[in-house]
Each structure stands twice: as C-alpha cells, then as structure tokens.
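So you know, we letter chains A, B, ... as the sequences are listed, proteins then strands, and number each from 1. The structure presented is a predicted model; accordingly, all values stated were derived computationally and were not measured.
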Amino acid sequence: GQQLNQSPQSMFIQEGEDVSMNCTSSSIFNTWLWYKQDPGEGPVLLIALYKAGELTSNGRLTAQFGITRKDSFLNISASIPSDVGIYFCAGQLGSSNTGKLIFGQGTTLQVKP
Amino acid sequence: NAGVTQTPKFRILKIGQSMTLQCAQDMNHNYMYWYRQDPGMGLKLIYYSVGAGITDKGEVPNGYNVSRSTTEDFPLRLELAAPSQTSVYFCASSYGQINEKLFFGSGTQLSVL
C-alpha cells in the first residue's frame with residue numbers, strides 16, 4: 001500500500017528551540033494534514049493544507065504543502081513544554097474518491113524545560 | 001457535546017476470547033472509522049462506514065467485524081482475539097467525504113495475552 005515516511009522518529013529538544021519535521025511519499029496527495037496526539041488521548045487536527053505550495057500557520061505552528069504534492073513539513077517555533085506529544089502527518093490521495101487518509105509513523109517530541 | 005466516546009479505556013483479553021469495542025458520536029456525523037495504532041507504525045484503518053447500514057474494509061480488516069445500525073454507533077468486534085491484535089484502537093468520525101476534519105475518541109488500549 002501507499003507509504004508516508006515521516007522524520008525524524010523522535011526529537012528531544014530544549015524549551016525555546018525551533019522544531020522541524022517532514023513527511024515524504026512517492027505518491028501524489030490531494031490534501032496534507034498535521035495532527036498532534038497527547039499522551040493517552042486521540043489525535044487532534046492542527047493544520048490542513050489543500051493546495052501545492054500552500055503555507056499555513058496556526059500560532060507557533062507553520063506547515064507547507066510541497067510543490068510536488070509528495071511532501072509536507074511542519075515547523076514549531078519557540079517550543080514550550082506543552083508541545084510534548086506525537087505529531088502525525090496524514091495525506092489524502094489525489095486519485096482516491098473515498099477520502100481515506102494515510103498516516104505517517106509519527107514524530108515523538110520531548111521538550112526539556 | 002461529548003464528541004466521540006469510546007469504551008472501555010483498557011482491556012486485557014486471553015487468546016481466543018471475543019469482545020466488542022464501543023464507539024458513539026453525538027455530532028450527527030455520517031462517516032465513522034476504526035483505526036489501530038501500533039508503536040512506530042502510525043494509524044492503520046481497519047473499517048469505515050459512510051452511513052447507517054453501510055460498512056467497508058480498510059487497510060487491515062482481518063480478524064475484525066463492524067456494524068452500523070445507527071448513525072451514532074459504530075462498534076468493532078473481535079471474535080477470536082490474537083496477540084497480534086494487541087494495540088491501541090481509535091474510533092473517529094467526520095461529517096462529510098473529505099475526512100480531514102476527523103474527530104477522534106480517546107482510544108482503547110487492548111492487550112491479548
């Protein structure tokens with residue numbers, strides 16, 4: 001099946017640092033989404049991207065839909081302890097008419113105060 | 001609104017036992033989904049439903065069954081539990097076909113020993 005490669009797998013950073021993570025695929029996607037999962041909870045949508053080249057911000061978070069439609073990145077600026085969690089990218093295939101999402105493996109973020 | 005409610009939160013099963021994971025949503029969403037989350041593997045779609053009385057297989061349906069008798073409820077059934085089904089299960093729902101606005105439940109952690 002289709003694969004999304006998300007990197008890095010994990011990050012351990014100091015509070016105040018900026019963070020960058022990305023997802024790549026050999027397939028073309030119609031939509032890119034970024035979710036955050038807090039410990040013991042379900043994922044929550046952070047940012048949705050719908051057009052190639054689109055750059056969208058949500059507070060300290062910025063995400064971009066790659067020009068080739070095969071990749072996306074998420075940046076977090078000035079990290080704080082509550083940014084801890086697992087971040088997932090998810091893509092909706094361009095040829096799919098059922099809207100099913102494919103999820104990346106996740107990036108586990110730990111922030112040291 | 002409660003959103004998406006999953007029960008139980010935790011469960012331990014013996015090999016060969018059966019159980020039903022419950023999922024209910026009160027947002028009048030047409031689409032409902034069951035995912036499993038394994039460490040380092042992201043979320044894999046088990047089954048989904050586009051409306052009451054309609055279900056379809058996802059990426060990893062083997063060993064599971066679902067039903068959708070009402071808009072609100074989408075239970076997941078394990079008939080003969082196997083250790084490979086040890087995982088965290090998430091139910092999700094969305095209003096329309098473009099499922100980027102997925103609302104997730106808080107998950108069921110299942111161990112099969």
Looking at A:Q9, I'd like to know if its CD atom is crowded, meaning that more than 12 non-hydrogen atoms belonging to other residues, nucleotides or ligands lie closer than 6.0 Å.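 12 or below, so no.
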Quick one: do [X] and [Y] end up in the same hydrophobic cluster if we chain Ile, Leu, Val, Met, Phe, Trp and Tyr together by side-chain heavy atoms under 4.5 Å apart?
X: A:F73; Y: A:L61; answer: no
X: B:Y33; Y: B:V60; answer: no
X: B:Y47; Y: B:Y89; answer: yes
X: A:L109; Y: A:I47; answer: yes
X: A:L33; Y: B:M32; answer: no

At a heavy-atom distance under 4.5 Å, which candidate from A:P43, A:S10, A:G40 has the highest pair count against chain B?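 Of the options given, most contacts go to A:P43.
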Region of B:Q109 in contact with chain A, defined by heavy-atom distances below 4.5 Å: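 For B:Q109, no heavy atom lies under 4.5 Å from chain A.
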Structural part of B:L45 lying under 4.5 Å from a heavy atom of chain A: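 Just its side chain gets close to chain A.
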B:F90 versus A:Q37, closest heavy-atom pair with distance: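 It is CZ-NE2, 3.1 Å.
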Option in B:L43, B:V4, B:D38, B:V88 with maximal non-hydrogen atom pairs under 4.5 Å from chain A: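 Among the listed options, the one with the most contacts to chain A is B:L43.
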What's the separation between atom [atom1] in [X] and atom [atom2] in [Y], rounded to the nearest 0.5 Å?
X: A:Y35; Y: B:L102; atom1: OH; atom2: CG; result: 4.0 Å
X: A:F103; Y: B:K44; atom1: CZ; atom2: NZ; result: 11.0 Å
X: A:L101; Y: B:S94; atom1: CG; atom2: OG; result: 8.5 Å

